[in-house]
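Okay, so here's the structure we're looking at.
What's counted below: heavy atoms across the whole structure, side chains too, no hydrogens, waters or symmetry copies. Just follow the structure's listing: the first ligand is 1, and inside any ligand the first atom is 1.
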Amino acid sequence: MYTVLAGGVGAARFLRGLSAAVAPDQIAAIVNVGDDLTRFGLRICPDLDSITYWLGGVVHPQQQWGRADERFTVAEELARFGHDDWFTLGDRDLAVHLHRSMRLAQGVPLSVVTEEVAAAFGVPIRLIPATDDPVATVITTADGTDLHFQEYWVRERAQPPVASVQLDGAEAARPAPGVVEALMGADAVLIAPSNPVVSIDTILAIPGIREAIAATEAPVVGVSPIIGGEVVRGMAHRLLPAVGAEVSAAGVAAHYGDLIDGWVIDERDAESRAAISASGPVCVATDTIMDDVEVAASLARTCLALASDLAAR
Ligand code: GDP
Ligand code: CA
């Protein structure tokens, strides 16, 4: 079994490649839920939904999140009521949130609802939310204001300088059923090229998950989300400095520290390979820009080859 720590779009692109490289029923993704929010009474799980739409083949191809062929009738009608509309929801997307919210209200855990949604879209891998318990990523800005992750990212467009990031509710949260087993029973644990601060650290913040990754016999291999000192998309470059990490492939490797045994960087950063290997994880360089599924599949194979080398040592 291959177990992947996953954020949203970067992880979805990687998981699509991994699904083409190995049997999808051998893949489990442990997905960040710190981004989740409630709007109009509906529970929305952006990272789970991005992965579901990608692997279900219904993602908006240019935007890379949300649904292809989306329409906004409900959002237009809601405008009548004068709601603050900084978080727009499409009609197709709303159907998922309606189903999820109804099931959660019936007392069904998020991990079970996630399986239902994934099955409805024909997602061939197992998706597990990092926790079923209520958590939220909170960004504290330099002026001391606490913002929900989505207020920072969508409403404020990641402009306010960030002082710190924390996962509210983490202390009381437990890993969702299957999370620890998927880590302990894995042949390889992979860290997708996701935002290290608001996607991966927020998974690791749930008590028991970091410990299981440290305890598993499986090699742990990550993929750098930073190429040539820049993000491929998103705002990791604005968040890494807030946790004291350099915005580079080497900086993210150092941030993960002992957690990773192997680190896959882009060939454009090949000159830093030797220095990264000297200081910690075994580092290899390859093409990591996953604009097409063949590159993503080849990247996944490189990760698994590195993992089996590490396991043989
Ligand atoms: P979000 O939840 O949708 O913001 O997405 P993620 O948490 O998955 O993080 C986005 C991160 O993935 C950013 O830091 C991107 O630079 C990185 N990313 C996205 N696509 C790629 C890609 O094709 N290759 C690599 N190496 N990184 C990527
Ligand atoms: Ca996200």
Side-chain angles (χ1 to χ4, degrees), residues 4-18 29-37 44-55 59-66 87 127 129-130 135-137 139 148-154 157-158 165 167 190-204 221-241 243 245-253 255-256 263-270 272 283-300 302-303:
V4 183
L5 303 192
V9 176
R13 284 153 61 90
F14 180 73
L15 287 164
R16 184 176 66 142
L18 185 60
I30 299 172
V31 184
N32 171 48
V33 290
D35 295 11
D36 296 8
L37 73 165
I44 302 164
C45 303
D47 286 349
L48 283 166
D49 293 343
S50 292
I51 295 172
T52 299
Y53 296 162
W54 266 92
L55 296 188
V59 74
H60 189 292
Q62 285 79 37
Q63 197 171 256
Q64 307 217 6
W65 52 270
F87 203 90
L127 297 185
V135 290
T137 299
I139 308 274
H148 182 280
F149 171 76
Q150 299 294 351
E151 293 176 317
Y152 165 77
W153 171 229
V154 180
R157 298 180 191 282
V165 179
L167 186 71
L190 305 176
I191 303 181
S194 289
N195 189 308
V197 183
V198 293
S199 293
I200 304 300
D201 286 356
T202 46
I203 297 173
L204 299 171
V221 172
V223 180
S224 176
I226 304 293
I227 300 179
E230 289 175 14
V231 293
V232 180
R233 44 171 284 128
M235 42 46 204
H237 57 297
R238 300 195 44 88
L239 292 166
L240 282 165
V243 297
E246 185 186 279
V247 185
S248 67
V252 179
H255 178 67
Y256 288 142
W263 188 236
V264 178
I265 64 173
D266 195 84
E267 58 200 9
R268 294 155 193 84
D269 291 315
S272 49
C283 183
V284 302
T286 188
D287 185 0
T288 72
I289 299 196
M290 301 176 285
D291 284 336
D292 60 71
V293 66
E294 286 76 25
V295 174
S298 161
L299 170 59
T302 299
C303 293

Gap separating the [atom1] atom of [X] from the [atom2] atom of [Y], nearest 0.5 angstrom:
| X | Y | atom1 | atom2 | result |
| --- | --- | --- | --- | --- |
| Ile265 | Ser224 | CD1 | OG | 7.5 Å |
| Ile227 | Thr288 | CD1 | OG1 | 3.5 Å |
| Trp153 | Met235 | CH2 | CE | 4.5 Å |

Report the part of [X] (side chain from C-beta onward, or backbone N, CA, C, O) that has a heavy atom under 4.0 Å from ligand 1; answer both or neither where that applies.
| X | value |
| --- | --- |
| Asn32 | neither |
| Ser224 | backbone |
| Pro193 | both |
| Asp47 | side chain |

Report yes if some heavy atom in the side chain of [X] is under 4.5 Å from a heavy atom in the side chain of [Y]; otherwise report no.
| X | Y | result |
| --- | --- | --- |
| Ile51 | Leu127 | yes |
| Asp266 | Ile289 | yes |
| Val221 | Trp263 | no |
| Tyr256 | Pro196 | yes |
| Asp36 | Ile44 | no |
| Glu230 | His237 | no |
| Asp47 | Ser199 | yes |
| His255 | Asp201 | yes |

Which heavy-atom pair separates Asp291 from Arg16 by the least distance, and what is that distance? O-NH2, 4.1 Å
The residue among Ile226, Val223, Val9 that forms side-chain contact (heavy atoms from CB on, under 4.5 Å) with Pro193 is Val223
Min heavy-atom dist Ser50 to ligand 1 below 4.0 Å: no
Hey, is Ser199 one of the residues with a heavy atom under 4.0 angstrom from ligand 1? yes
Considering the heavy atoms of [X], write down every atom of ligand 1 situated less than 4.0 Å from one of them.
| X | value |
| --- | --- |
| Gly8 | 1 (P), 2 (O), 3 (O), 5 (O), 6 (P), 7 (O), 8 (O) |
| Ala236 | 14 (O) |
| Ala11 | 8 (O) |
| Ile227 | 26 (N) |
| Val9 | 1 (P), 3 (O), 5 (O), 8 (O) |
| Thr288 | 22 (C), 23 (O), 24 (N), 25 (C), 26 (N) |
| Pro225 | 14 (O), 15 (C), 16 (O), 17 (C), 27 (N) |

Got an N/O contact under 3.5 Å between [X] and ligand 1?
| X | result |
| --- | --- |
| Val231 | no |
| Gly7 | no |
| Met235 | no |
| Val232 | yes |

Does the Gln63 side chain pair with the main chain of His60, one donor and one acceptor, at a distance under 3.5 Å? no
Considering non-hydrogen atoms of the protein only, which is the closest contact for [atom], and what is the distance?
| atom | answer |
| --- | --- |
| atom 20 (N) of ligand 1 | Arg13 NE, 3.2 Å |
| atom 9 (O) of ligand 1 | Asn195 N, 3.0 Å |
| atom 13 (C) of ligand 1 | Arg233 O, 3.1 Å |
| atom 8 (O) of ligand 1 | Gly10 N, 2.9 Å |

Name of whichever N/O/S atom of Asp35 is nearest to the Ca ion (ligand 2): OD2
By atom name, which N, O or S atom of Asp47 is the nearest to the Ca ion (ligand 2)? OD1
Does the protein come close to atom 4 (O) of ligand 1 - that is, does one of its heavy atoms sit below 4.0 Å from that atom? no
